[in-house]
Amino acid sequence: MNISEFLSREEIAGFSRRSYWQALRMLLLNWGAVLLVFWFATSWPNPLSLLAAVMLLAGRQLGLAVLMHECGHNTLFPSRWLNRWCGQWLAAAPTFADLNKYASGHNGHHRWVGTAEDPDLSNYRAYPVPRASFKRKMQRDLTGQTGYKLLRYVLVNAAAIFSSDRNQRQRALPFAQQVLVNVVLALLLGIVFAPWAYLLWLASFFTTYMVIVRIRQVAEHAAVPNPLHDDPRQHTRTTIPRWWERGFFAPNYVNYHLEHHLLAGVPCYRLKALHALLKQRDFYSNTRIFQGYNEVLRHAVA
């Protein structure tokens, strides 16, 4: 597949252009939405508002993870330094992730996707899976088992920051940064909203966020036409979300995953326009574009 059959060099350069304004707008909108959810939940605390907050915060946590992903590609801001700083402190660490470690592994995914060497292949090669198998995965996510394992891994590694071994302290530093950022976040939320506000962030991370991350992974690469093909139209999927799904499964244009694998240098805020132009030029003439995440799950869960 030769992309030059569909896009000129000038068009690719235009889509790849980074924007300080767009990057800042996305950061502010994501954190603004986080603060709005906390304001809502702490202003009218009741079982329904707290449940809604736990669900809504999961979508905002995914939004931050998507911004971390963009910064890992150095595509959010024109400045590499801003991508690294904002990606680590304002996107990765609040969701218990490390930008450098993530970017290293994710670049391997981009290099080897469509081959048996893809480091992420184990996440989706078994699909389509039986309904009972997928139900068990979802139960582990919703009951906090998946989130607990991840958080325990972070805390155990962060504790090595107090080791007398210098090498262990260096390896522990990224994990300690994640804990530190979350302690600061807990303090700020407690001061601005309520002492218990941060518990909503943790509750969301342990439960609904894990569910949403799994569904997003399924939508991107599971049960595709051919996971071992070099054409992105064969090994990656784009999903057009319904309006309410955007806030949960598709923040910051993450649903345009086929386009991202086609041109990884295109910032997320230009992927929708790229998709529209490629559609106009019949790039997807033999490619199924899924309408909504329920359609993806019906396809990927046998």
Side-chain angles (χ1 to χ4, degrees), residues 25-68 89-97 134-155 178-219 239 241-255 292-297 301:
R25 181 182 68 85
M26 297 193 80
L27 268 175
L28 292 176
L29 283 175
N30 275 262
W31 275 107
V34 168
L35 297 178
L36 185 62
V37 173
F38 278 113
W39 171 79
F40 165 73
T42 55
S43 297
W44 297 279
N46 61 71
L48 285 179
S49 66
L50 298 182
L51 177 62
V54 169
M55 295 176 64
L56 291 169
L57 284 174
R60 297 308 90 224
Q61 289 170 339
L62 178 59
L64 294 180
V66 173
L67 295 182
M68 172 190 70
W89 297 105
L90 300 180
T95 54
F96 296 100
F134 190 72
K135 183 179 179 181
R136 287 193 297 270
K137 298 178 194 296
M138 297 287 281
Q139 286 174 339
R140 288 197 296 269
D141 294 340
L142 271 176
T143 55
Q145 297 175 62
T146 310
Y148 170 75
K149 288 179 182 178
L150 177 56
L151 189 57
R152 183 177 182 275
Y153 173 76
V154 170
L155 294 175
Q178 296 165 41
V179 174
L180 175 62
V181 166
N182 275 272
V183 169
V184 172
L185 180 62
L187 290 173
L188 290 176
L189 291 174
I191 293 169
V192 176
F193 296 108
W196 48 266
Y198 178 73
L199 295 178
L200 294 174
W201 187 259
L202 273 186
S204 182
F205 180 83
F206 274 119
T207 58
T208 48
Y209 176 60
M210 294 300 157
V211 169
I212 284 175
V213 167
R214 186 178 300 280
I215 292 173
R216 179 193 57 80
Q217 287 179 338
V218 170
T239 303
R242 291 171 290 181
W243 67 268
W244 65 268
E245 291 176 322
R246 293 185 184 279
F248 293 98
F249 309 110
N252 304 327
Y253 309 102
V254 71
N255 54 296
Y293 286 82
N294 62 327
E295 186 176 327
V296 174
L297 291 178
V301 180

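Just so it is clear, the structure is predicted and the values come from calculations on it, not from any experiment.
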Trainee: Distance from L56 atom CG to L51 atom CG, nearest 0.5 Å?
Mentor: 9.5 Å
Trainee: Are side-chain heavy atoms of F248 and M55 found at a separation under 4.5 Å?
Mentor: yes
Trainee: Calculate, to the nearest 0.5 Å, the distance between atoms CG and CG belonging to N252 and N30 respectively.
Mentor: 4.5 Å
Trainee: Kindly indicate, with the supporting measurements, whether the criterion side chain to side chain contact (heavy atoms under 4.5 Å, CB included) is fulfilled by Q61 and I212.
Mentor: CA-CA 10 Å; Q61 289 170 339; I212 284 175; over 6 Å; no
Trainee: Measuring only between side-chain heavy atoms, which start at C-beta, is F193 closer than 4.5 Å to F40?
Mentor: no
Trainee: Looking only at atom types and distance, does a side-chain atom of R60 sit under 3.5 Å from a main-chain N or O of G32, one as donor and one as acceptor?
Mentor: no
Trainee: Please name all residues satisfying ring pair (Phe, Tyr, Trp, His ring centres under 6.0 Å) with W196, sequence neighbours left out, ordered by chain then number.
Mentor: none
Trainee: Please give me the minimum heavy-atom distance between S204 and A58, naming the atom from each residue.
Mentor: OG-N, 2.9 Å
Trainee: Are the side chain of E245 and the backbone N or O of R242 linked by a donor-acceptor pair below 3.5 Å?
Mentor: yes
Trainee: Measure the shortest side-chain to side-chain distance between L57 and F205 over non-hydrogen atoms and say whether it is less than 4.5 angstrom.
Mentor: no
Trainee: Any side-chain heavy atom of I215 sitting closer than 4.5 Å to one from M138?
Mentor: yes
Trainee: If you compare all heavy atoms of N182 against all heavy atoms of A93, which two are closest, and at what distance to 0.1 Å?
Mentor: ND2-O, 3.0 Å
Trainee: Just verifying a value: how many Å separate M210 CE and T143 OG1, rounded to the nearest 0.5 Å?
Mentor: 11.5 Å
Trainee: How far apart are the closest heavy atoms of P45 and T42, and which atoms are they?
Mentor: CD-O, 3.5 Å
Trainee: Are the side chains of V211 and T207 in touch, meaning some heavy atoms are under 4.5 Å apart?
Mentor: no
Trainee: Please name the pair of heavy atoms, one in A41 and one in L200, separated by the smallest distance, quoted to 0.1 Å.
Mentor: CB-CD1, 3.7 Å
Trainee: Check the pair V183, Y198 against side chain to side chain contact (heavy atoms under 4.5 Å, CB included), reporting the backbone distance first and the verdict last.
Mentor: CA-CA 9 Å; V183 169; Y198 178 73; over 6 Å; no
Trainee: Does any non-hydrogen side-chain atom of N255 lie less than 4.5 Å from one of F249?
Mentor: no
Trainee: Which residues pass the side-chain hydrogen bond (donor to acceptor under 3.5 Å, both in side chains) test with Q139, not counting sequence neighbours?
Mentor: none
Trainee: Is there any salt bridge (Lys or Arg N to Asp or Glu O under 4.0 Å) pair reaching into residues 190-214, and which pairs are they, with sequence neighbours excluded?
Mentor: D141-R214
Trainee: Any idea how W201 and W31 line up, ring-wise: parallel (<30°), tilted (30 to 60°), or perpendicular (>60°)?
Mentor: parallel
Trainee: Flag the pair V213 / Y209 as yes when at least one side-chain heavy-atom distance between them is below 4.5 Å, and no otherwise.
Mentor: yes
Trainee: Could you check whether any side-chain heavy atom of V218 comes within less than 4.5 Å of a side-chain heavy atom of Y293, counting everything from C-beta outward?
Mentor: no
Trainee: Nearest 0.5 Å, what's the NZ-CZ distance between K149 and F206?
Mentor: 13.0 Å
Trainee: Looking only at heavy atoms, what is the nearest atom pair of M68 and A92, with distance?
Mentor: SD-CB, 3.4 Å
Trainee: Can you tell me how far CG of L36 sits from CG of L29, rounded to the nearest 0.5 angstrom?
Mentor: 11.5 Å
